[in-house]
J.: 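The structure that follows is given in the form of C-alpha cells.
Computation of the quantities below employed the complete heavy-atom set of this structure, encompassing side-chain atoms and omitting hydrogens, waters and symmetry-equivalent molecules. Per chain, numbering begins at 1; letters A, B, ... match sequence-line order.
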There are 2 protein chains.
Amino acid sequence: MPRGDGTGPPGWRGRFRGCGHRFTIPRQAIIETLEKTSAHLSAEDIYLKVHTQYPNIGLTTVYRTLEVLAQMRLISKFDFGDGRARYELTKNSKKEHHHHLVCTNCNRIIDYTDFIDEEVELLNKTEKALSKKFNFEISNHLIQFYGLCEKCKKGESV
Amino acid sequence: MPRGDGTGPPGWRGRFRGCGHRFTIPRQAIIETLEKTSAHLSAEDIYLKVHTQYPNIGLTTVYRTLEVLAQMRLISKFDFGDGRARYELTKNSKKEHHHHLVCTNCNRIIDYTDFIDEEVELLNKTEKALSKKFNFEISNHLIQFYGLCEKCKKGESV
DNA sequence: CGCTTAATGATAATGGTTTTCATTATCAAG
DNA sequence: CTTGATAATGAAAACCATTATCATTAAGCG
C-alpha cells in the first residue's frame with residue numbers, strides 16, 4: 001500500500017513519479033476535481049472548481065497539468081465543437097471507454113457504453129483492415145454522433 | 001441552364017437563392033477552390049488559393065462563406081487536432097461520405113471509403129439503437145482513427 | 001538540511017476565428 | 001435599364017482559448 005500521506009489516492013503519486021514527474025498540490029487538486037465529476041469539464045471549468053478550494057492555483061497550471069495527464073494517457077481530450085477542449089479521466093467509475101452523443105442544439109453530451117458490444121466487433125474488424133490496407137498503426141479512435149437530444153427534439157417545433 | 005426547381009445538379013446559384021442567400025463572386029471562387037481539391041483545406045489555405053486569382057477577397061469573407069456553406073450542409077467542418085478547422089465539400093467526386101485516418105505525428109489525413117460497407121451496416125444498427133435508447137435524433141456522425149502513418153511508423157525507431 | 005531542478009503563477013504573447021462598421025454589390029421591382 | 005432595399009464584403013479591431021516567458025517556489029533525493 002504505497003501512500004504515507006493521508007490522502008490515500010491509489011497511487012497517483014507513484015504514477016507521476018514513474019513518469020518522471022512530481023506530484024504536487026495543484027496536480028492533486030486537479031485530479032480530485034476530475035474524479036469528483038462525470039461531466040466533461042473544460043480547462044476553465046476545472047480552474048474555477050479548483051479555485052474555490054485553492055485560490056492560488058492558476059489557469060496556466062491547469063493547462064499544463066492537463067497536458068501532462070493527457071500525455072500520460074490518464075485523461076482524454078475531446079472537442080465537441082464549442083470552441084474549447086474538454087477533458088475526462090480515462091479510468092473513471094466503470095466508464096473505461098465510451099462514445100458520445102452530442103446535441104447540436106444545446107451542446108449536451110451523453111456518454112454511452114451500452115451498445116458498444118457490436119461496435120467493438122466492427123471497430124476491431126475495421127481497424128485491422130485499415131491497418132493492413134494503409135499500413136497505418138491505429139492507436140486510438142474517436143466516435144461521436146451528432147443530433148438532437150430529447151429536450152431539443154421537442155422544442156424544435158415551437 | 002439554371003433551373004428554378006432547385007434540384008438541378010450544379011446549380012450553385014439556385015441553391016444559394018433557395019436558402020435566401022446571394023450568389024457572389026467570392027462565394028463562387030471559394031466553392032471552385034473546394035471543388036478543385038481533394039485535400040482538407042483550412043480557411044487560410046482557401047484564402048491563399050483564392051487570393052491568387054482574386055486578390056481582393058478577404059479572409060473574413062472566406063470564414064463567412066464557409067459558415068454559410070456549412071449551415072447549408074454543403075461542406076463539412078473537421079477538427080484534426082492541429083488547431084485550425086478544415087473543410088471539404090460533402091458532395092465531391094464520389095467521396096460522398098468517408099472517414100479519416102489521422103497521423104498523430106505528421107498530421108497527414110487519409111480518407112477511406114473502402115471498408116465502409118461493413119461499417120455502414122453496424123453504424124445504422126448502432127444509430128437506430130442509440131436513437132431509441134436515448135430518444136436522440138442522430139443526424140450525423142464523426143469517426144476518426146488516430147495513429148501513425150506508414151512513413152512515421154518507419155521513422156519512429158530513428 | 002540543502003541542493004538540484006521541475007513546477008508554479010502572473011503576465012504577455014500567440015493565433016485562429018468573430019465582430020464591427022462603413023462601403024459595395026446583388027437582384028427583385030418598377 | 002434604373003432604382004432601392006438590404007445582403008455581402010473587406011479592413012481593422014476585438015475576442016478568447018491556449019502557449020510562451022521568466023522570476024520564484026517547492027518536490028524529492030542524498
J.: Does any N or O in the side chain of B:Thr65 come within less than 3.5 Å of the main-chain N or O of B:Arg27, such that one atom is a donor and the other an acceptor?
T.: no
J.: I need the CZ-P distance between B:Phe23 and D:dA8, as an integer number of Å.
T.: 13 Å
J.: Once you round it to whole Å, what is the distance between C1' of C:dT17 and CG of A:Asp82?
T.: 14 Å
J.: Roughly, in whole Å, what's the span from CD1 in B:Ile46 to P in C:dG16?
T.: 14 Å
J.: Measure the distance from CZ on B:Arg84 to P on C:dT17 and round it to the nearest whole Å.
T.: 7 Å
J.: Expressed in angstrom and rounded to an integer, what is the separation of B:Tyr54 atom OH from C:dA25 atom P?
T.: 15 Å
J.: Determine which pairs satisfy side-chain hydrogen bond (donor to acceptor under 3.5 Å, both in side chains) with at least one residue from residues 67-87 of chain A, sequence neighbours left out, and list them in order.
T.: A:Asp45-A:Arg86, A:Asp82-A:Arg86
J.: Is B:Tyr63 close enough to C:dT18 that one of its side-chain N or O atoms is under 4.0 Å from OP1 or OP2 there?
T.: no
J.: For A:Arg64, give me all partners under salt bridge (charged side-chain N to carboxylate O under 4.0 Å, His left out), at least two apart in sequence or on another chain.
T.: none
J.: Just the rounded figure in Å: distance from P of D:dT9 to CD of B:Glu67.
T.: 12 Å
J.: Measure the distance from CG on B:Leu66 to C1' on C:dT17 and round it to the nearest whole Å.
T.: 11 Å
J.: Under the side-chain hydrogen bond (donor to acceptor under 3.5 Å, both in side chains) test, which residues partner A:His100, sequence neighbours left out?
T.: A:His40, A:Glu88, A:His98, A:Asp111
J.: Tell me whether the OP1 or OP2 atom of D:dG28 has a side-chain N or O from A:Arg13 closer than 4.0 Å.
T.: yes
J.: Each nucleotide in nucleotides 3-9 of chain C should get exactly one letter: B, S or -. Can you fill that in based on protein heavy atoms under 4.0 Å?
T.: --BBSBB
J.: Could you tabulate the donor-acceptor pairs under 3.5 Å formed by side-chain atoms of residues 123-142 of chain B, not counting sequence neighbours?
T.:
| residue | atom | partner | partner atom | Å |
| --- | --- | --- | --- | --- |
| B:Asn124 | ND2 | B:Val120 | O | 3.4 |
| B:Thr126 | OG1 | B:Leu122 | O | 2.6 |
| B:Glu127 | OE2 | B:His141 | ND1 | 3.0 |
| B:Ser131 | OG | B:Glu127 | O | 2.8 |
| B:Ser131 | OG | B:Phe136 | O | 3.1 |
| B:Lys133 | NZ | A:Asp114 | OD2 | 3.1 |
| B:Asn135 | OD1 | A:Lys153 | NZ | 2.7 |
| B:Asn135 | ND2 | A:Glu150 | OE2 | 3.4 |
| B:Ser139 | OG | A:Tyr146 | O | 3.4 |
| B:His141 | NE2 | B:His97 | NE2 | 3.0 |
| B:His141 | NE2 | B:His99 | NE2 | 3.2 |

J.: In whole Å, I'd like the distance from the CG atom of A:Asp79 to the C1' atom of C:dT17.
T.: 14 Å
J.: Could you pull out all residues at least two apart from B:Arg17 that satisfy side chain to side chain contact (heavy atoms under 4.5 Å, CB included)?
T.: B:Arg13, B:Arg22
